[in-house]
Amino acid sequence: MRRTWSVVVPVKDSTVGKSRLSAYADARPALARALALDTLAAVAACRAVGTVVVVTSDDTVAAHASRVTRHVVVPDPGGGLDAAIVAGLATLQSSSGPVAVLTADLPALTAAELEDALVLAEAHPLAVVPDADGTGTTLLAATDVELLEPRFGVDSLAAHLAQDAASLPAGPGLRRDTDLPEHLDVLGPSLGPRTTDVLARLRVR
């Protein structure tokens, strides 16, 4: 029988998040928020996921997440991505099920891709999905929350592999995190509806 996962998703405040998308000027906050909401929609639709812990100081994202069944909203304590993840994991210390951490900039993620990766992760105490560039991490998963020691940021993949995490194959929506405008161009029609809408409104201007 497949296990039910808890997933922690840290979402940076859109007013400061995704600074490398500054080419979109005033639309960058709306775009950053759209990336996160498309990611969260895929997580919510995934059959392998039970509880979703959204760690954020973004009022709009928090309000959206609070309206979704099974979502728990935790204030971002500040101090960076790993600190936000640790705050989210703290709410799951009594959990006996598997736990994963997912980045919030996966606008082409599908529920099926996430489910496939989580099913594969069940076979390993600790597992990681590399980003499309092969240096970062988009998903870190463990069969026990106590095994998770997040090391997100520059060269996070190497850091997580050094913890004996198994590297998992995954679909393009789970691997292509979005840091640069060209990443959105690559994803094209695979982008989620909120991201697509923001980009469409930019093209109309």
Side-chain angles (χ1 to χ4, degrees), residues 1-18 29 32-107 109-119 121-122 125-129 137-153 156 160 173-174 177-178 192-195:
M1 183 170 57
R2 299 300 184 194
R3 303 181 71 183
T4 299
W5 288 76
S6 298
V7 178
V8 175
V9 185
V11 182
K12 199 169 185 177
D13 191 313
S14 61
T15 60
V16 294
K18 290 297 158 190
R33 189 176 293 121
L35 300 177
L37 293 179
D38 279 335
T39 303
L40 289 172
V43 178
C46 180
R47 296 179 299 178
V49 175
T51 301
V52 183
V53 180
V54 182
V55 186
T56 189
S57 59
D58 188 293
D59 291 341
T60 300
V61 172
H64 170 86
S66 67
R67 293 193 295 268
V68 180
T69 304
R70 298 179 294 130
H71 280 30
V72 176
V73 179
V74 175
D76 188 335
L81 186 58
D82 283 343
I85 293 169
V86 169
L89 293 176
T91 69
L92 298 170
Q93 289 302 313
S94 61
S95 172
S96 60
V99 178
V101 177
L102 183 74
T103 59
D105 56 351
L106 301 168
L109 177 66
T110 68
E113 286 176 323
L114 180 57
E115 181 176 6
D116 288 345
L118 293 176
V119 168
E122 291 179 8
L126 188 65
V128 62
V129 171
T137 300
T138 61
L139 179 76
L140 182 65
T143 53
D144 188 315
V145 67
E146 298 294 338
L147 298 175
L148 286 172
E149 296 182 24
R151 295 290 184 270
F152 283 81
S156 64
H160 292 138
L174 181 51
D177 51 351
T178 308
R194 294 170 181 82
T195 305

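- Applying the salt bridge (charged side-chain N to carboxylate O under 4.0 Å, His left out) definition to pairs two or more places apart or across chains, those involving residues 50-68 are R33-D58.
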Please determine whether side-chain contact (heavy atoms from CB on, under 4.5 Å) holds for the pair V8 and V52, giving the CA-CA distance in whole Å, both sets of side-chain angles, and the decisive distance to 0.1 Å. CA-CA 6 Å; V8 175; V52 183; over 6 Å; no

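- Between the side chain of S156 and the backbone N or O of T137, at least one donor-acceptor pair lies under 3.5 Å.
- The shortest non-hydrogen separation linking V49 to T4 is C-CG2, 3.9 Å.
- Looking at T195, its side chain never comes within 3.5 Å of a backbone N or O of G192 through a donor-acceptor pair.
- Residues passing the side chain to side chain contact (heavy atoms under 4.5 Å, CB included) test with A45 are A111, sequence neighbours excluded.
- Among residues two or more places apart in sequence or in another chain, the salt bridge (Lys or Arg N to Asp or Glu O under 4.0 Å) test is passed with E115 by R47.
- Residues that satisfy the side chain to side chain donor-acceptor pair (under 3.5 Å) test with T138, not counting sequence neighbours, are absent from this structure.
- For D76, the side chain to side chain contact (heavy atoms under 4.5 Å, CB included) partners are V55, S57, A84, not counting sequence neighbours.
- The side chain to side chain contact (heavy atoms under 4.5 Å, CB included) search around A41 returns R194, not counting sequence neighbours.
- Taking V86 as the reference, P150 meet the side chain to side chain contact (heavy atoms under 4.5 Å, CB included) condition, with sequence neighbours excluded.
- In plain terms, the two heavy atoms of F152 and I85 that are nearest each other are CD1-CD1, 3.4 Å.
- Residues passing the salt bridge (Lys or Arg N to Asp or Glu O under 4.0 Å) test with R70: none are found, sequence neighbours excluded.
- Judged as a side chain to side chain donor-acceptor pair (under 3.5 Å), and not counting sequence neighbours, the contacts of T103 are D105.
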